[in-house]
2 protein chains.
Amino acid sequence: MTEQEIKFKEKIKAIQDTMYVIGGKWKIVIILSIYNGNKRFNDIVASIPKITNRVLSKELKHLEENLLISRKVIDEYPVRIEYTLTEYCLSIDELAGPMEKWGKNHMKKISGK
Amino acid sequence: MTEQEIKFKEKIKAIQDTMYVIGGKWKIVIILSIYNGNKRFNDIVASIPKITNRVLSKELKHLEENLLISRKVIDEYPVRIEYTLTEYCLSIDELAGPMEKWGKNHMKKISGK
DNA sequence: TCATTAAGTATACTTTAGGATACAGGTATC
DNA sequence: GATACCTGTATCCTAAAGTATACTTAATGA
């Protein structure tokens with residue numbers, strides 16, 4: 001295997017890993033919702049059109065396992081849960097920004113083709 | 001709906017569109033392979049570990065429909081097909097670069113947690 | 001005539017993602 | 001005791017993504 005091939009396979013792995021962590025229809029969207037000030041389960045559900053509670057529940061676990069959000073139990077009257085972004089999660093901005101920009105441009109490109 | 005909410009929904013849509021076009025396990029990887037000099041179907045299959053020809057075939061069609069690659073029939077003896085990136089496709093670099101970087105860093109983060 | 005090569009297609013699967021709906025469990029209020 | 005609030009879970013289902021393996025078509029040259 002040439003050096004170029006080795007580098008190519010490393011790139012593949014890194015990109016597929018990123019896709020595993022933040023890929024799919026909802027993950028970045030959920031992060032943005034929390035970033036926008038929604039901390040509680042039902043607020044997040046309400047803020048994202050068409051998401052269901054089952055999907056949100058699963059995705060929140062995935063994001064927590066990957067150190068992107070943290071879950072705090074607040075022991076008041078009906079027990080509240082607060083989701084917050086970790087410091088580390090802010091690095092997602094390096095991806096979300098470009099993705100938003102690219103998506104907007106692509107819509108124009110395709111609709112006017 | 002507040003202005004902030006409208007902007008949020010636009011962001012969601014743009015990101016979900018991007019995910020639709022370049023999301024999944026293979027699409028960016030295929031683009032990188034062509035970028036690396038592989039033009040022919042079997043070369044691309046060979047360059048990407050674990051991809052199958054059926055999957056590659058489907059993904060190439062998707063990428064062509066989204067104006068990211070072009071398919072040229074070369075009418076020689078066993079008919080050859082050449083895939084090349086479109087000019088427009090180069091804009092993917094704005095996404096692939098950050099994704100590669102983020103993925104590499106994330107691997108470190110998770111393995112050392 | 002037979003094998004070879006390139007670029008896929010066909011068929012039949014398995015796995016993962018996502019969706020619809022119902023409701024549980026604890027606590028506080030009426 | 002009944003009811004409502006909150007954060008989910010349970011169950012069941014559909015659709016999309018991905019996999020495995022064999023086959024097709026057309027031309028060519030041994």
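Convention: sequence-line order gives letters A, B, ...; per-chain numbering from 1.
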Looking for any heavy atom pair under 4.0 Å, which part of the strands does [X] touch: base, sugar-phosphate only, or nothing?
X: K25(B); result: sugar-phosphate
X: Y20(B); result: nothing
X: V79(B); result: sugar-phosphate
X: E59(A); result: sugar-phosphate
X: R40(A); result: sugar-phosphate
X: K61(A); result: sugar-phosphate

Rounded interatomic separation in angstrom, taking [atom1] from [X] and [atom2] from [N]:
X: L60(B); N: dA6(C); atom1: CG; atom2: C1'; value: 14 Å
X: K50(A); N: dA15(D); atom1: NZ; atom2: P; value: 16 Å
X: H62(B); N: dA16(D); atom1: NE2; atom2: P; value: 14 Å
X: I48(B); N: dT19(D); atom1: CD1; atom2: P; value: 12 Å
X: I81(A); N: dG26(C); atom1: CD1; atom2: C1'; value: 12 Å
X: I51(A); N: dT7(D); atom1: CD1; atom2: P; value: 15 Å
X: M19(A); N: dA17(C); atom1: CE; atom2: P; value: 13 Å
X: L56(B); N: dG8(C); atom1: CG; atom2: C1'; value: 10 Å

Return the minimal non-hydrogen interatomic distance between W102(A) and S91(B), and the atom names on each side.
NE1-OG, 3.0 Å
Taking the six-membered ring for Trp, are H106(B) and Y20(A) closer than 6.0 Å centroid to centroid?
no
Closest nucleotide of DNA chain C for Y83(B) versus for K58(A): which of these residues is on the 5' side?
Y83(B)
Is there side-chain contact between L60(A) and F41(A), with heavy atoms separated by less than 4.5 Å?
yes
Any K39(B) side-chain heavy atom under 4.5 Å of I34(B) side chain
no
Does a donor on one side chain and an acceptor on the other come within less than 3.5 Å for S33(B) and S47(B)?
yes
If you check the R80(B) side chain, which of dA20(D), dG8(D), dA7(C) turns out closest?
dA7(C)
Establish, with yes or no, whether the OP1 or OP2 oxygen of dT9(D) is under 4.0 angstrom from a side-chain nitrogen or oxygen of S57(A).
yes
Hey, is the side chain of N42(A) poking within less than 4.0 Å of OP1 or OP2 on dT7(D), counting only N and O atoms?
yes
Donor/acceptor link under 3.5 angstrom from R71(A) side chain onto base of dT7(D):
no
Is a donor-acceptor contact shorter than 3.5 angstrom present between the side chain of R54(B) and the base of dT21(D)?
no
